[in-house]
Every structure is written in structure tokens, then in C-alpha cells.
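Both ligands and their constituent atoms are indexed starting at 1 by order of listing. As the structure is a prediction and not an experimental result, all values here were calculated from the model.
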Amino acid sequence: MNKTVIINEVGPRDGLQSQDGELSLEERQRFVQALLDAGLKHIEIGSFVSPKAVPQMAGTDELAKALQTPDGAELSALVPNMKGYERAQVAGVGTVAVVVSATETMNQKNINMSLDDTMRVAREIIARGKQDGLAVQAYLAVAFECPFEGPVSQAVVTELAAQLLEAGADLLVIADTIGAANPAQVKALMGSLVLGHGSARLACHFHDTRALGLANVFAAIESGVRRFDASTGGLGGCPFAPGAKGNVATEDVVMLCEQMGYTTGIKMPELLDVVDLIGGMLGRPQGGRAHYWLRSQAA
Ligand code: COA
Ligand code: ZN
């Protein structure tokens, strides 16, 4: 069995987009650089969305241009539509992420498009990426429960997942956007997706709203998933999904994986310093569930 787990840090996007107030571009750049220095090789640096919809993500163009991608690292950015894709391409981003929500209402609330239109745009962006040599990741949001439509059936998610993979997405990220999934559901869904498609192009994105984030990571690992989104200090939420709390904390996922014998390549003391750095920038201390214990170990 593969004993390496890839952690994709989404704090600079999912984490910051839901904070009151905006960090400067210089602060956002320092945050991403500190994450790189802590050994994170996969980082979502921001999004190319409307600055009116999400002012926290304004200027991702300049941020992307200012950042150097070290060898072997993958800096990605979220794009909601073709305009976002084109901005990302101009800014030199090598990997873009498109988001399809599994329900009609969530697509409307998030990006003002129907589910059909979102799927069409996702396919167009995947095809464009192939022409232009960009990697395209597809997110399937509210894959377990939608804040507007309630529980989402596994059959719907399975069908959309197959369509996105067949369209040629380089990675499919199953996202529990509001943190409503439990480990039994995760095992059922991810087990069936791994069986159908293999695990190489699958990842999971969990929020910790009900304190089940880490348990869900474990359930997905047991199902064969080896790639997870996480956010330093557990930053996050979603301005368009009421009730969503922060992502599962990167330091907690690193701890879980390393204690079970998996390698993440992430340096814990440096990562804890990044938690302090971002807490200082936001003026609010951040930290995952094991923060105090991890701090005492690092001391
Ligand atoms: N980047 C910047 N501006 C964009 C844009 C993009 N990717 N896409 C559209 N716009 C601009 C348009 O140019 C237009 O500008 P104008 O008012 O100055 O003419 C304005 O936004 C409205 O364009 P329209 O195509 O009608 O978009 P909309 O109002 O239906 O909004 C989105 C659609 C996707 C741009 C907007 O809902 C959005 O940015 N959502 C972000 C969602 C998000 O980040 N969710 C969290 C992650 S899942
Ligand atoms: Zn999220």
C-alpha cells in the first residue's frame, strides 16, 4: 500500500476567503512562502473570482506573478468560469481548480449558474487546459449535504464524478463543503469511487463543522485515498454555504498521517510557526484540535 499522503494546503484560498477583512497581497505572499518553507508542495494560492463577490481574493493575479514555484511544487488557483481561467493563465498559474456543486441551488448561490451550465463550463475549462498545458482539477462541492437542499444522494455524486473524470479532469476532489459527512458515508462513497476509478486521481476536502474532519480523513485513507485538502490552523469556512466551518487543520492531518506511518514531507515545527504567522496577520489565534499538544511537543 502507498505510504505517502499528499496534503494540498487550501488556507490561502478557502481559509482566507471567509475571513472578515482582507490581507494585503504582501501578507498573502508571505503566508504562501512560509507554507512552502514548511515543506508544503501543493498549495491553492487563491482564486480568480469576482472581487465584488469575494474581496479577500482580489489581486490573485499579482500574487501568482510574484510567487516562484519551486521544483516539484504545485501552486493552484480556483477559477469559477472561463474569465477566471484566462486570468489564471495570464498570471502563469500551472494548475487551476473548477468547482461543480452537486446540487442545483448551491451552484446558483455560489456562481450564479445552473448545474448543467456549471458542468458545461467545467468541461470547456478541462479541454482548454489540455490545449494550453495547464492541469485542471475538478471539485465536486456539497458532495454529502447541501445547506439548501439537504442530503445529497451517493448516486448523484457518483454520476457527476464519473462525468468529470471522463471529461479528463487531472484530479477529482470530493468536497464536504459544510462539514456534514460522517466516516461511514465517506467510506461508502470513497470506497466505491476508488473501486470504479482507482485512487490516483481522487482527493478529499473536509470541513470540521461537526468535529468529524479527522475521522473522515481516516475513513478516506482506509478507502485508499492518499490526497487531502487541509488548511493551516483550521482556517476557513465558505461565504456562500451557511454553517460551513473551517477546513480540517493541516497540522492535525499531518499528525494523523505521520502517527499512522505515512509520510507527508511536512515539517511540523515550521508548520506551527505558520499557524502563528497567519494568526498574527488576522489578529486572531488559529489552530487545529491538537494545537496545544503539538506545540508542547515542538517546544
Ligand atoms: N473574475 C473577475 N471578474 C469576473 C469573473 C472572474 N472570474 N467572472 C465574471 N466577472 C465579472 C464580470 O466581468 C462582471 O463585471 P462588471 O460588473 O464589472 O461588468 C461581473 O463579474 C458580473 O459578471 P457575470 O458574468 O454576470 O457574473 P455573475 O454576477 O453571475 O457572478 C461569478 C459570477 C462566478 C463571477 C461570481 O459569482 C463569483 O465570483 N463567485 C465566486 C464564488 C466563490 O469564490 N466561491 C467560493 C469557492 S467555491
Ligand atoms: Zn471548502
Side-chain angles (χ1 to χ4, degrees), residues 7-19 22 43-64 76-91 93 96-103 105-115 117-122 124-125 128 137-148 164 173-181 203-210 212-213 216-217 227-250 253:
I7 296 180
N8 179 49
E9 167 70 37
V10 296
R13 198 278 302 170
D14 208 351
L16 292 185
Q17 75 177 11
S18 54
Q19 305 298 316
E22 292 134 47
I43 304 173
E44 188 173 53
I45 63 163
S47 57
F48 292 95
V49 299
S50 157
K52 283 181 201 146
V54 189
Q56 294 89 338
M57 292 291 108
T60 299
D61 319 64
E62 285 73 36
L63 175 67
S76 64
L78 186 150
V79 301
N81 52 21
M82 197 53 87
K83 177 168 179 153
Y85 173 90
E86 282 163 359
R87 283 175 60 201
Q89 192 191 16
V90 169
V93 173
V96 295
V98 294
V99 181
V100 175
S101 296
T103 66
T105 316
M106 190 64 211
N107 279 296
Q108 300 281 359
K109 299 272 184 192
N110 190 33
I111 54 174
N112 198 21
M113 275 196 269
S114 69
L115 175 52
D117 283 342
T118 312
M119 279 300 280
R120 178 180 49 74
V121 169
E124 285 168 8
I125 292 176
R128 253 311 272 288
Q137 307 177 340
Y139 276 72
L140 198 41
V142 298
F144 297 90
E145 190 171 318
C146 169
F148 308 105
L164 289 165
V173 188
I174 299 296
D176 181 21
T177 310
I178 59 168
C204 287
H205 174 111
F206 294 117
H207 284 256
D208 204 25
T209 317
R210 303 184 192 180
L212 292 178
N216 288 336
V217 170
R227 177 169 170 138
F228 296 93
D229 282 2
S231 167
T232 290
L235 276 180
C238 176
F240 304 95
K245 284 275 186 313
N247 294 91
V248 64
T250 307
V253 180

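The backbone N or O of S47 lies less than 3.5 Å from a partner atom in the side chain of T60, making a donor-acceptor pair. No donor-acceptor distance shorter than 3.5 angstrom exists from the side chain of S231 to the backbone of G234, with no hydrogens or angles considered.
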E44/S76 under side-chain hydrogen bond (donor to acceptor under 3.5 Å, both in side chains): CA gap, chis, key distance, verdict
CA-CA 5 Å; E44 188 173 53; S76 64; 4.6 Å; no

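Of all the heavy atoms of Q17, the ones lying under 4.0 Å from any atom of ligand 1 belong exclusively to the side chain. Contacts of P80 with ligand 1, taken as heavy-atom pairs under 4.0 Å, involve the side chain alone.
Closest to atom 11 (C) of ligand 1 by heavy atom, among Q56, M82, K83, is K83. The closest non-hydrogen atom to atom 29 (O) of ligand 1, taken over N112, D14, V98, comes from N112.
Contact record, V253 with A230: CG2-CB, 4.1 Å, taken as the closest heavy-atom pair.
Summary: NE2 is the N/O/S atom of H205 found nearest to the Zn ion (ligand 2).
Looking only at atom types and distance, the side chain of H205 has a donor-acceptor partner in the side chain of N247 under 3.5 Å away.
With sequence neighbours excluded, no residue satisfies salt bridge (Lys or Arg N to Asp or Glu O under 4.0 Å) with E62.
With salt bridges taken as basic N to acidic carboxylate O contacts below 4.0 Å, one links E124 and R120.
For the side chain to side chain contact (heavy atoms under 4.5 Å, CB included) test with N107, the passing option among S114, S101, C146 is S101; the others fail.
For ligand 1, the polar-atom distance check finds no N/O of V54 at less than 3.5 Å from any of the ligand's N/O atoms. Looking at ligand 1, you'll find an N or O of F48 within less than 3.5 Å of one of its N or O atoms. Taking only nitrogen or oxygen atoms, main chain and side chain alike, R13 does not reach within less than 3.5 Å of ligand 1.
The distance from ligand 1 to the heavy atoms of L78 drops below 4.0 Å at these ligand atoms: 47 (C). Numbered from 1 in the order shown, with element, the atoms of ligand 1 that lie under 4.0 Å from a heavy atom of A53 read 38 (C), 39 (O), 40 (N). Of all the atoms in ligand 1, the ones that sit under 4.0 Å from a non-hydrogen atom of G84 are 7 (N). Counting the atoms of ligand 1 from 1 in the order shown, those under 4.0 Å from a heavy atom of K52 are 16 (P), 17 (O), 18 (O).
The Zn ion (ligand 2) lies at the vertex of an angle of 110° between the NE2 atom of H207 and the OD2 atom of D14 (rounded to 10°).
Judged as a side chain to side chain donor-acceptor pair (under 3.5 Å), the pairs with a partner in residues 137-147 (not counting sequence neighbours) are, in order, E74-Q137, Y139-D229.
Not a single heavy atom of M57 sits less than 4.0 Å from an atom of ligand 1.
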